[in-house]
Amino acid sequence: MTAQKNYRITLIPGDGIGPEVTSAAQKVIAAANINIDWEIVDAGEGSIARHGTTLPDATLESIKKNKVALKGPLTTPVGGGFKSVNVTLRKTLDLYANVRPVRSALGITFHHNPIDLVIFRENTEDLYTGMEYEVAPGVAQSLKIITEKASTRIAKAAFEWAMKRERKLVHAVHKANIMKKSDGLFLDSVRKVAEQYPKITYKEIIVDNCAMQMVMHPEQFDVVVLGNLYGDIISDLAAGLVGGLGVVPGANLGDDVAIFESVHGSAPDIAGKGIANPMATILSANLMLRHMGESKAAARIQAALVLFLSEKKFLTPDLGGRSTTDEMVEGIIKKIKLLR
Ligand code: NAI
């Protein structure tokens, strides 16, 4: 018998429903017999009271050392207050690709045709650089920064991923008809990368049309590459096609470090009530397991989720049920044990 591998991974429980959904993912991973020594560190709004900062140095050091992290959502105040810790983390660790698989494989969708698309959102620039100014009273300016370097590497990440998984089509999403310079540069950069992958069909679509097409005919999309802001909006829209924010996972990938987290936020409206859907974080943990080479365990958890959902029992309120997070996790773990 081969010895069971032990992993050391950083865990950021996060704000709001974060601790509830990350502990659910920990339990599910343990049930699939993967031994992880979790290094639990702080970040976010809650970290201010405990450490006097939203992002302690120890947190960054832990992620840099372990190379892999599972993260709960972090609150960012609207309007004023501190800067987004998520954006700081992604920029500091150069996690340039935000990858979000959107699949109807779990069986929660209103569409008849199967949806199986993957969003590659550029994660380090665009309107997220935080360069905002009040130019004059009553006039504000936010700078949209697009570089050839960042656009090229997100495009490469998308095409490489498509090649490795024998995907057929990549869409670039833009608004270069209006933002001719910034989105124009993004599009030029993606086109140059596309030329290096002649086996993959390359298409371009304007972001407003993309939103409409994705609602009406999501099955036409395969791999979708977008800038930071369009990626944020379109991926939430896509999440709505397959069961909502409670079920869509994500990965923030750099060349050296990877952080896995769900698409949803800290959901302050339901935090502490014990009714958060843990599925998105469990699926994010599953992406993490695949990244670690534990594909067998990931496949077992995925199969358990499909089996669990097919019975339509023990669902949290966002999925139309009345169950708690804990009841749902218990139900999923029972299925994992069945699939031993
Ligand atoms: P949100 O995703 O937290 O919530 C939107 C709606 O979806 C709410 O009604 C919420 O109850 C529901 N929802 C979200 N996740 C759910 C789950 N797992 N189970 C059941 N229902 C769920 O988005 P919102 O309200 O825009 O943002 C709240 C906070 O989260 C903000 O401070 C925002 O900045 C932060 N945020 C953090 C993210 C991250 O850390 N990656 C991503 C998105 C938002």
Would a 4.5 Å heavy-atom cut-off, applied to side chains only, mark [X] and [Y] as touching?
{"X": "Ile336", "Y": "Ile301", "result": "yes"}
{"X": "Ile9", "Y": "Met292", "result": "yes"}
{"X": "Thr75", "Y": "Pro268", "result": "no"}
{"X": "Phe186", "Y": "Asp126", "result": "no"}
{"X": "Lys149", "Y": "Thr124", "result": "no"}
{"X": "Glu160", "Y": "Lys164", "result": "yes"}
{"X": "Ile48", "Y": "Phe82", "result": "yes"}
{"X": "Leu315", "Y": "Phe308", "result": "yes"}

- Message: If the condition is side-chain hydrogen bond (donor to acceptor under 3.5 Å, both in side chains), which residues does Glu311 pass it with, not counting sequence neighbours?
- Response: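 Checked Glu311 against side-chain hydrogen bond (donor to acceptor under 3.5 Å, both in side chains); matches are Lys335.
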- Message: List the residues meeting side-chain hydrogen bond (donor to acceptor under 3.5 Å, both in side chains) with Glu148, not counting sequence neighbours, and say none if there are none.
- Response: none
- Considering only NZ, NE, NH1 and NH2 on the basic side and carboxylate oxygens on the acidic side, decide whether Lys175 and Asp208 come within less than 4.0 Å.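 Salt bridge: yes.
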- Message: Between the side chains of Lys83 and Glu132, is the shortest nitrogen-to-carboxylate-oxygen separation below 4.0 Å, so that they form an ion pair?
- Response: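 No salt bridge links Glu132 with Lys83.
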- Qualifying residues under ring-ring contact (aromatic ring centres under 6.0 Å, His included), relative to His217, sequence neighbours excluded: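 For His217, no residue satisfies ring-ring contact (aromatic ring centres under 6.0 Å, His included) once neighbours in sequence are set aside.
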- Query: Looking at Gln213, His171, Lys203, which one forms a side chain to side chain donor-acceptor pair (under 3.5 Å) with Gln220?
  - Reply: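 For Gln220, the side chain to side chain donor-acceptor pair (under 3.5 Å) check succeeds only for Gln213.
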Is a side-chain donor or acceptor of [X] paired with a backbone partner of [Y] at a separation under 3.5 angstrom?
{"X": "Asn228", "Y": "Glu125", "answer": "yes"}
{"X": "Ser189", "Y": "Thr152", "answer": "no"}
{"X": "Ser47", "Y": "Leu55", "answer": "no"}
{"X": "Ser266", "Y": "Pro73", "answer": "no"}

Looking at every heavy atom in both [X] and [Y], which two are closest together, and how far apart are they?
{"X": "Arg167", "Y": "Asp116", "answer": "NH1-O, 2.9 Å"}
{"X": "Ala105", "Y": "Val306", "answer": "O-CG2, 3.9 Å"}
{"X": "Leu95", "Y": "Asn252", "answer": "CD2-O, 3.7 Å"}
{"X": "Ile146", "Y": "Ser182", "answer": "CG2-O, 3.4 Å"}
{"X": "Arg290", "Y": "Ala298", "answer": "CG-CB, 3.7 Å"}
{"X": "Leu241", "Y": "Pro218", "answer": "CD1-CB, 3.6 Å"}

- Looking at Ile332, Val329, Val248, Val28, which one forms a side chain to side chain contact (heavy atoms under 4.5 Å, CB included) with Met279? Ile332
- Message: Applying side-chain hydrogen bond (donor to acceptor under 3.5 Å, both in side chains) to Glu39 and Thr10, what does each step give before you reach the verdict?
- Response: CA-CA 5 Å; Glu39 197 166 292; Thr10 301; 4.8 Å; no
Answer with yes or no whether the hydrophobic clustering places [X] together with [Y]; edges join I, L, V, M, F, W, Y residues whose side-chain heavy atoms lie under 4.5 Å apart.
{"X": "Leu309", "Y": "Ile275", "answer": "no"}
{"X": "Tyr7", "Y": "Leu11", "answer": "yes"}
{"X": "Ile205", "Y": "Leu229", "answer": "no"}
{"X": "Phe120", "Y": "Ile206", "answer": "no"}
{"X": "Ile333", "Y": "Phe314", "answer": "yes"}

- Message: Can you list, by chain and residue number, the hydrophobic cluster partners of Val135 when the side-chain cut-off is 4.5 Å?
- Response: Val139
- Under the side-chain contact (heavy atoms from CB on, under 4.5 Å) test, residues paired with Ser104 that sit two or more places apart: Thr109, Pro114, Ile115, Val242
[X] [atom1] to [Y] [atom2] distance, which is reported to the nearest 0.5 Å:
{"X": "Lys71", "Y": "Asn86", "atom1": "NZ", "atom2": "CG", "result": "4.0 Å"}
{"X": "Glu122", "Y": "Arg153", "atom1": "CD", "atom2": "CZ", "result": "6.5 Å"}
{"X": "Ile200", "Y": "Glu166", "atom1": "CD1", "atom2": "CD", "result": "10.5 Å"}
{"X": "Asn277", "Y": "Ile270", "atom1": "CG", "atom2": "CD1", "result": "8.5 Å"}
{"X": "Ser84", "Y": "Leu74", "atom1": "OG", "atom2": "CG", "result": "7.5 Å"}
{"X": "Leu169", "Y": "Asp222", "atom1": "CG", "atom2": "CG", "result": "5.5 Å"}

- Query: Can a cation-pi geometry be assigned to Arg121 and Tyr128, taking NZ or CZ under 6.0 Å from the six-membered ring centre and within 45° of the ring axis?
  - Reply: yes
- side-chain contact (heavy atoms from CB on, under 4.5 Å) evaluation trace for Tyr202 with Tyr197: CA-CA 9 Å; Tyr202 171 62; Tyr197 296 85; over 6 Å; no
- Could you check Val257 against Ile63 for side-chain contact (heavy atoms from CB on, under 4.5 Å), going step by step and ending with a plain yes or no? CA-CA 8 Å; Val257 168; Ile63 303 170; 3.6 Å; yes
Residue [X] excluded, over 12 heavy atoms near [atom1] under 6.0 Å:
{"X": "Asn209", "atom1": "CG", "value": "yes"}
{"X": "Arg322", "atom1": "CZ", "value": "no"}
{"X": "Met216", "atom1": "CE", "value": "no"}
{"X": "Lys337", "atom1": "NZ", "value": "yes"}

- Message: With side-chain hydrogen bond (donor to acceptor under 3.5 Å, both in side chains) as the criterion, how do Asp318 and Thr316 come out once you've worked through the C-alpha distance, each side chain's angles and the decisive distance to 0.1 Å?
- Response: CA-CA 6 Å; Asp318 60 305; Thr316 44; 2.7 Å; yes
- Item | His51/Thr53 under side-chain hydrogen bond (donor to acceptor under 3.5 Å, both in side chains): CA gap, chis, key distance, verdict | CA-CA 5 Å; His51 306 279; Thr53 168; over 6 Å; no
- Determine, stepwise, if the pair Val68 / Phe260 fulfils side-chain contact (heavy atoms from CB on, under 4.5 Å). CA-CA 8 Å; Val68 178; Phe260 296 84; 4.0 Å; yes
- Message: Please determine whether side-chain contact (heavy atoms from CB on, under 4.5 Å) holds for the pair Val87 and Thr129, giving the CA-CA distance in whole Å, both sets of side-chain angles, and the decisive distance to 0.1 Å.
- Response: CA-CA 8 Å; Val87 173; Thr129 51; over 6 Å; no
- Query: Regarding Asp255 and Tyr96, is there a side-chain donor-to-acceptor distance under 3.5 Å anywhere?
  - Reply: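 Yes.
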- Task: Hey, could you give me each pair passing side-chain hydrogen bond (donor to acceptor under 3.5 Å, both in side chains) that has a residue in residues 15-26? Not counting sequence neighbours.
- Result: none
